[in-house]
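See below for the structure under consideration.
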Amino acid sequence: MASGGIYELVDALVGPPERPPIGTAPQPLRPEQYAIPNPRLIMDDGFGLASSKGKIPVLIPPFHNHIVTAKLNVPAGAKSLQEAQRHLESVLQRLEQQFPPPPSGLGVVVAWGLPYFEHYIPRLGKSSSYFRAGTSYPAYLPVDLMTSKQRGRTVYALQESRTFPSDEPPPGFGPVRLEQNDVAVLLRSDSLDHIMTATNAIFGTGNNQAGSLFKVTSIRRGFTGGAHTGGQGLASKLALAAGIPGADMIPRKSPIFLGFTTTIRDAESSVPVSNFETLPGWTDQWPNGYFKHGTIMPLSHLFQDLVAWYSKIFPTFDARIHAMFRPGVSFAPGTVTADPPEQNEADVLTGVQKYHAYGHNGSMQPVNRLQAQTTGNYGHVYPVNTAITNRGDFATLDNPFHYTSDPAGDHFSDQKAAGLHFLLFAPTTETFNRVRLAMDGEFPDGRRAPFSSRSSGAGLNSVVHTTHRQNFLIPPRSHRSFPLTEFLD
Ligand code: HEM
């Protein structure tokens, strides 16, 4: 846990990125745990370089991204859980005092899986006697109102993870593992030292550390970016250092292994939209939900086959642009940062008929974007085509994790492999499921692409495959430590 391994090269190879000055006065912390309050925006020249003449706004996320998952080492019961809540919260507050917010300081996001709620927090209503007399906490987990209406039964915003058509494992790989962790902690910073300090504080077992509360099940590590100020990007540098097959074909300026920028500003809303309570009618958390300012985080790990991407299945730049964005578009050779106009479902299906293919990004836009201008519950007007989800994925060389407590079950290897720890923030699990199904060519109205979701026509699916999945609930900052236990009697 204490060693950064190959990821120490991130600091050795690239100095910390320039960030806007944050001033000396302490900044008020945002109620959302997952927000990055001071992101750096650059104008990208299309080739991955920040330039005053650049036309594409791109966000520069924190360099280092780690996730630690765990089961709890706390007996079920009000007293032990409330003690654990105080203990974890005091450690988290100390970290907040020690470091400014991310990206240059430290971001800590504590997210909880269904096993936590099911095992430790008895369902209110079913067993209301578990809750302290006199408290009137009205509901349990956030309810996904739209899906509940469609299905005629209560559907919660946090659901068990599911598999998707393209999750079918390629020969030699086992099925996707649907994980059952109690908790996941996401740590983000430009500084590996900050992340290591936080890892020690939360998972170390000394005095004043919170590690006695957890049995760590996995440590996942990775990085993003590194090229926009010139020089070679981290994806290319680290893949070469690790001897990944196909690493020599990664464009030098690319922030990810597959050669394109994934943090285009216009694919994210700058005003929070992924919160449970923001979009009217999506969940029951407006106006007073306990989980208001929280969100859902689907987490997965995918392998990426660089040889198949760069030389076997998509051997030309145009083939890769078409698979990543949409068939038929063209960009100057060497383009790393592309921002083609939005597509609606009819555009995607017309492309499917004409080219027998769709692009990764294009296929999801009709489902990932608001289809009409929408006024959020806080009064902000979100224009049509605002992205509903916020992505937080990062490249990794883990195989599939940096550490696992179950090497056989997780098919662990210490040989490095190109991959992605994928995560995004969405108001409901169903929002993610719909977007992910669109990536497999299946749309909410039942229309679907007439070819296999693992075929070369299905965006980039034929060169990636998923190994693990789990959905988590991210509470607001105020309820991040052992949520709801304060109501137990
Ligand atoms: C190795 C795997 C992946 C790569 C290399 C990749 C790459 C990209 C790229 C280059 C873009 C366009 C740039 C941008 O919007 O910022 C994009 C957009 C997106 N990707 Fe992926 N992606 C991968 C996996 C996934 C997965 C597993 C999902 C899960 C649903 C996903 C969801 C999205 C979404 C929602 C968008 C934005 C769509 C929109 O514009 O509304 N991606 N991705």
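Quick note: numbers below take in every heavy atom, side chains included, and nothing from hydrogens, waters or symmetry partners. Whatever order the structure lists them in is the order used to number ligands and atoms, beginning at 1.
The atoms of ligand 1 that sit less than 4.0 Å from any heavy atom of Val464 are 1 (C). Distances below 4.0 Å separate heavy atoms of Gln365 from the following atoms of ligand 1: 39 (C), 40 (O), 41 (O). Within the listing of ligand 1, atoms 5 (C) sit less than 4.0 angstrom from a heavy atom of Ile256. Atom numbering of ligand 1 starts at 1 in the shown order; those under 4.0 Å from a heavy atom of Phe432 are 29 (C), 30 (C). Proximity to Thr261 (heavy-atom distance under 4.0 Å) selects the following atoms of ligand 1: 10 (C), 13 (C).
Between Ala267 and ligand 1, no pair of N/O atoms sits closer than 3.5 Å. Remark: ligand 1 and Asn368 share an N or O pair separated by less than 3.5 Å (distance only, no angle test).
Electrostatic pairing of Arg326 and Glu342 does not count as a salt bridge here, judged by no charged N lying under 4.0 Å from a carboxylate O.
Contact annotation: for Thr263 versus ligand 1, heavy atoms closer than 4.0 Å belong to the backbone alone. At a heavy-atom distance under 4.0 Å, no atom of Phe257 approaches ligand 1. Residue Leu420 touches ligand 1 through its side chain alone, judged by heavy-atom distances below 4.0 Å.
Arg454 and Ser452 are not linked by any side-chain donor-acceptor pair at a separation below 3.5 angstrom, with hydrogens and angles left out of the test. Between the side chains of Asn377 and Glu277, no donor N or O sits under 3.5 Å from an acceptor N or O.
A ring-ring contact (aromatic ring centres under 6.0 Å, His included) check over residues 370-393, counting only residues at least two apart or in different chains, returns the pairs Trp286-Tyr378, His380-Tyr382. The salt bridge (Lys or Arg N to Asp or Glu O under 4.0 Å) pairs that include a residue from residues 380-402 are Arg391-Asp393, where partners are two or more places apart or lie in different chains.
If you look at atom 21 (Fe) of ligand 1, the protein N, O or S atoms less than 2.8 Å from it are His360 NE2.
Taking the six-membered ring for Trp and the full ring otherwise, the centers of Phe401 and His468 sit less than 6.0 Å from each other. Ring-centre distance between Tyr355 and His322: not below the 6.0 Å cut-off. When ring centroids are compared, Phe451 and His356 come within the 6.0 Å threshold.
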Given Phe223 and Phe63, is the ring-ring contact (aromatic ring centres under 6.0 Å, His included) satisfied, shown in steps? CA-CA 5 Å; Phe223 54 89; Phe63 269 8; 9.3 Å; no
For a side chain to side chain donor-acceptor pair (under 3.5 Å) check, start with the C-alpha distance between Arg221 and His402, then their side-chain angles and the critical distance, and finish with the verdict. CA-CA 6 Å; Arg221 292 183 171 167; His402 181 74; 2.9 Å; yes
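Qualifying salt bridge (Lys or Arg N to Asp or Glu O under 4.0 Å) partners for Asp167, counting only residues two or more places apart in sequence or in other chains: Arg436, Arg469.
Closest heavy-atom approach to atom 40 (O) of ligand 1 within the set Arg436, Arg369, His301, Gln343: this belongs to Arg369.
Once rounded to the nearest 0.5 Å, the distance linking CG of Asn385 with CD of Gln343 reads 11.0 Å.
Protein heavy atom in closest approach to atom 1 (C) of ligand 1: Gln304 NE2, 2.9 Å.
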